[in-house]
Amino acid sequence: MNSSIKVLITGGAGMVGSLLAERLLEKGHSVVSVDDFSLGTRRHLEPAMKQAAYAFIEADVSQPDWHSVLQGRSFDVLFHLAANSDISLGGRDPVKDLQKTFTTTLHSLMAAKSLGIPDFVFSSSSAVYGQDPVLPTPEETPRMHPVSIYGSGKLASEVLISSFVENFGLNAWIYRFGNVVGKRLTHGVIYDFFHKLKKTPDRLVVLGNGHQTKTYIDAEDCVAGMVHGLLHARPRGKTHSDRFQIFNLSSDGHTSVRSIAENCVAQMTSGSAQIQYGSDPIGWVGDVPKTHLDTSRMLALGWKPRRSSDEAVDHAIRDFTAWTRNG
């Protein structure tokens, strides 16, 4: 790749997308981000907006013509991060994941084809593996039956990307994220616990029995991993397997919901709130009670997360609490 690259990011106002833009700008690259603010916020964009090499376009990438304003511009890589990442929302309204998770992928692929962008990076999810895969879960797991609408949208997107690689010569990097956490959270367990405790400081009601355990990855580690893989796993040939690569991207270990609840109560209420757990082994329909990803493929590229799952959660609770209260 060139020393300086031109990058297009969908979902650029989200936690991962906004942080990715900042880190790329710091390395001397130019970035155009696109978002419709369905989950991302303008506040996330403020650091990048100060840079001359950055531009933002407000658009809905689930619409077929979203990239028309970019005709005539050249890009080296498209990071497609736009999605309905609020998993429980998809269970309440399946059309959200059709539009925001799958259709955004279709029209981002069409953008890459139309604009002649050779490299396509996709943020997938551990949700594609379903409810009871082998743990830790490797990328080549044969039985993949997602139980969330979100997970099915991500897996369908992976299959669609695979066909575009074969038919139109794209190079694709698929990253199956663990649960990404950081100060710019817009949804998820830490986000939910904060707002519950803000409303009822004396108690925290937890969905499920709290024994769910998942692997969490710090947003900074997630961004660093995506960029590292793009740079160090370049296609070595022209076959489909050379140009379509899949990586689990997560941290070491896993963290229980009970641990997160206790940490949130300790940091957000000085330990004064009572925690009330439910009886179900899952928090909602489509929830996966245990995730633990095998990241040996990423580690073999020379990438290593700075923070373990527990450390990522602890850091995110402190940063998100301060970020939200100071916002």
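Fair warning: this is a prediction, and the values are worked out from it, not measured in the lab.
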Is a side-chain donor or acceptor of [X] paired with a backbone partner of [Y] at a separation under 3.5 angstrom?
X: R243; Y: G237; result: no
X: T324; Y: T321; result: no
X: T137; Y: P133; result: no
X: H232; Y: H228; result: yes
X: H80; Y: F120; result: no
X: T215; Y: S250; result: no
X: Q212; Y: K290; result: no
X: W66; Y: H107; result: yes
X: N326; Y: A322; result: yes
X: D294; Y: S296; result: yes

Can you name the ring pair (Phe, Tyr, Trp, His ring centres under 6.0 Å) partners of [X], sequence neighbours left out?
X: F320; result: Y191, F194
X: F102; result: none
X: H211; result: none

Heavy-atom pair of closest approach, residues [X] and [Y]:
X: P146; Y: G151; value: CB-C, 3.6 Å
X: V16; Y: C222; value: CG1-SG, 4.5 Å
X: A112; Y: L170; value: CB-CD2, 4.1 Å
X: F193; Y: L204; value: CD2-CD1, 3.7 Å

Of all residues at least two apart in sequence or in a different chain, which pass the side chain to side chain contact (heavy atoms under 4.5 Å, CB included) check with I87?
S148, Y150, W284
Near-ring test F37/F56, centroid separation under 6.0 angstrom
yes
Are [X] and [Y] within salt-bridge range, i.e. N to O under 4.0 Å?
X: R42; Y: D35; result: no
X: K6; Y: D76; result: no
X: E46; Y: R43; result: no
X: D221; Y: K304; result: no
X: E311; Y: R306; result: no
X: R307; Y: E220; result: no
X: K100; Y: D86; result: no

Are [X] and [Y] linked by a side-chain donor-acceptor pair shorter than 3.5 Å?
X: Y129; Y: R143; value: no
X: S62; Y: Q99; value: no
X: D314; Y: Q267; value: yes
X: S309; Y: H292; value: no
X: Y216; Y: S251; value: no
X: S18; Y: R184; value: yes

So, using side-chain hydrogen bond (donor to acceptor under 3.5 Å, both in side chains) as the criterion, who are the partners of R203 when residues are at least two apart?
none
Residue set satisfying side-chain hydrogen bond (donor to acceptor under 3.5 Å, both in side chains) with D242, at least two apart, ordered chain then number -> T239
Does V313 belong to the same Ile/Leu/Val/Met/Phe/Trp/Tyr cluster as V180, with side-chain heavy atoms less than 4.5 Å apart forming each link?
yes
If hydrophobic clusters are built by linking Ile, Leu, Val, Met, Phe, Trp and Tyr wherever their side-chain heavy atoms come under 4.5 Å apart, do I5 and V32 end up in the same one?
no
R236 atom CZ, neighbour heavy-atom count above 12 within 6.0 Å:
no
Within the supplied structure, the quantity of interest is the number of heavy atoms (other residues, nucleotides, ligands) at a distance under 6.0 Å from Q63 CD; does it exceed 12?
yes
Is any side-chain heavy atom of [X] less than 4.5 Å from a side-chain heavy atom of [Y]?
X: N209; Y: D280; result: no
X: N248; Y: R297; result: no
X: Y175; Y: S123; result: no
X: N84; Y: L89; result: yes

In terms of the angle between their ring planes, are F168 and F164 parallel, tilted or perpendicular, with boundaries placed at 30° and 60°?
tilted
Can you tell me how far apart CD (E22) and NZ (K27) are? Round to the nearest 0.5 Å.
13.5 Å
Mind checking the CZ-CZ spacing from F177 to F247? Nearest 0.5 Å is all I need.
13.0 Å
Passes side chain to side chain donor-acceptor pair (under 3.5 Å), S108 versus H67? Steps please.
CA-CA 8 Å; S108 293; H67 59 277; over 6 Å; no
Per side chain to side chain donor-acceptor pair (under 3.5 Å), T101 is matched among T103, D97, T105, T104 by D97
